[in-house]
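Worksheet for the structure shown next.
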Protein chains: 2
Amino acid sequence: MINNHFRRGELYSVINGMASTAVARRLQKNFRNAGLDITIEQWSVLYHLWKEDGLSQQELCVRTFRDKPSITRLIDNLEKQSLVKRVASPTDRRINLVQLTDTALELQHITIDLANQTMAEALVGVEKHEIEMVKSVFQRVYDNLTMATLEVL
Amino acid sequence: MINNHFRRGELYSVINGMASTAVARRLQKNFRNAGLDITIEQWSVLYHLWKEDGLSQQELCVRTFRDKPSITRLIDNLEKQSLVKRVASPTDRRINLVQLTDTALELQHITIDLANQTMAEALVGVEKHEIEMVKSVFQRVYDNLTMATLEVL
DNA sequence: TGATATTAGTTGCATAACTAACTATATGAT
DNA sequence: ATCATATAGTTAGTTATGCAACTAATATCA
């Protein structure tokens with residue numbers, strides 16, 4: 001009886017508490033074993049900067065699905081490690097453009113290799129079309145919730 | 001070129017940063033709007049206790065996929081709010097059995113309704129067989145990583 | 001031009017996560 | 001019985017998240 005009530009909550013639990021956390025932890029461990037002293041959250045910021053350097057903090061918020069304070073502090077920590085630097089935008093002094101340092105550029109290939117390796121480990125026995133379906137489901141879930149948020153506002 | 005390299009990392013990003021976070025945030029907001037002053041992490045502990053009261057902290061670690069310090073502090077905070085109490089096991093004094101209070105029992109139905117509602121919002125347009133496939137993929141991912149961990153040890 | 005609103009980013013506070021090191025209790029081998 | 005080991009839980013330190021309140025710079029428009 002209680003199990004019927006919980007069926008959907010269970011899915012939430014599965015999504016949030018299990019696989020994604022396991023992947024995150026594994027990637028973190030693989031970084032550490034390789035002597036890399038960055039967190040996966042920091043890595044996810046670098047990841048977007050490797051794709052396009054010099055993004056504003058605001059743009060990083062959008063691309064990493066994080067809020068502004070989170071990005072502020074991630075950039076703080078990345079700056080402490082000399083992996084990025086803040087450069088004021090020449091056209092709008094409110095904006096910080098976040099730029100990679102040479103050190104960060106050197107990290108790109110090794111960390112991407114580790115991430116690919118980790119995902120390969122994680123995805124053993126998972127078919128390509130299943131991955132696509134997961135992505136598609138998650139896209140719809142995300143859209144459902146963010147669009148409903150707009151309605152509420 | 002870089003996009004080929006990133007394809008798998010992107011999936012990680014999607015899984016970890018987007019949908020599950022969005023669901024978590026929405027559920028948290030729905031709790032708050034209902035005047036409920038508990039976090040989703042606290043709720044996830046209560047959830048397992050509603051299914052089976054009097055679990056040890058160790059058992060809660062396993063069921064919630066959290067480590068021991070996390071459970072210690074979640075129980076600390078739940079105890080502050082008088083939602084659970086620690087009771088020493090009569091047979092092994094190392095063990096704390098975590099027991100629900102009457103206040104926590106009263107929260108069960110309203111919060112489960114909110115969780116179901118939230119998942120219903122999130123899963124609009126998602127077919128039942130897709131949910132099953134997501135669960136199955138995540139189970140395999142989790143197994144891949146936890147079994148590999150055992151090999152490593 | 002000058003008051004007002006908006007936008008980008010920061011700071012403070014609470015909760016939560018992981019790691020490592022710790023205490024206390026229980027188990028097991030000699 | 002004793003000493004080593006394993007187990008349950010706690011504590012300390014660092015990082016991260018969410019929210020709310022804040023500053024500074026820019027845009028709007030009367």
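First the proteins, then the strands, lettered A, B, ... as listed; each starts at 1. Being a predicted model, the structure only gives us computed values, none of them experimental.
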Inset, instruction - Please report, rounded to the nearest Å, how far the C1' atom of dT15(C) is from the CH2 atom of Trp43(B). - result: 18 Å
Inset, instruction - Report, as yes or no, whether the 6.0 Å neighbourhood of atom CG on Asn33(A) holds more than 12 heavy atoms from other residues, nucleotides or ligands. - result: yes
Legend entry - Ion pair check, Arg63(A) and Glu52(A), cut-off under 4.0 Å: yes
Inset, instruction - With the side chain of Gln42(B) defined as its heavy atoms from C-beta on, choose the nearest nucleotide among dT15(C), dA8(D), dA16(D). - result: dT15(C)
Inset, instruction - Report yes if a donor N or O on one partner sits less than 3.5 Å from an acceptor N or O on the other, where the partners are the side chain of Arg73(B) and the base of dA12(D); otherwise report no. - result: yes
Inset, instruction - Have a look at Thr39(B) and say if it touches a base, only the backbone sugar-phosphate, or nothing, with a 4.0 Å heavy-atom cut-off. - result: sugar-phosphate
Inset, instruction - Would you check if the side chain of Asn96(B) reaches a backbone N or O of Arg86(B) as a donor-acceptor pair within less than 3.5 Å? - result: no
Legend entry - Any Ser70(A) side-chain N or O less than 4.0 Å from OP1/OP2 of dA16(D): no
Inset, instruction - Mark yes or no for a side-chain to base donor-acceptor pair under 3.5 Å between Arg94(A) and dT7(C), with no hydrogen or angle criteria applied. - result: yes
Inset, instruction - Find the bend of the helix from dT1(C)-dA30(D) to dT30(C)-dA1(D) as the angle between its two terminal axes (five pairs each), to the nearest 10°. - result: 10°
Inset, instruction - Check whether any side-chain N or O of Asn96(A) sits under 4.0 Å from OP1 or OP2 of dA8(C), and answer yes or no. - result: no
Inset, instruction - May I ask you to decide whether Glu130(B) forms a salt bridge with Arg140(A), counting only side-chain N to carboxylate O separations under 4.0 Å? - result: yes
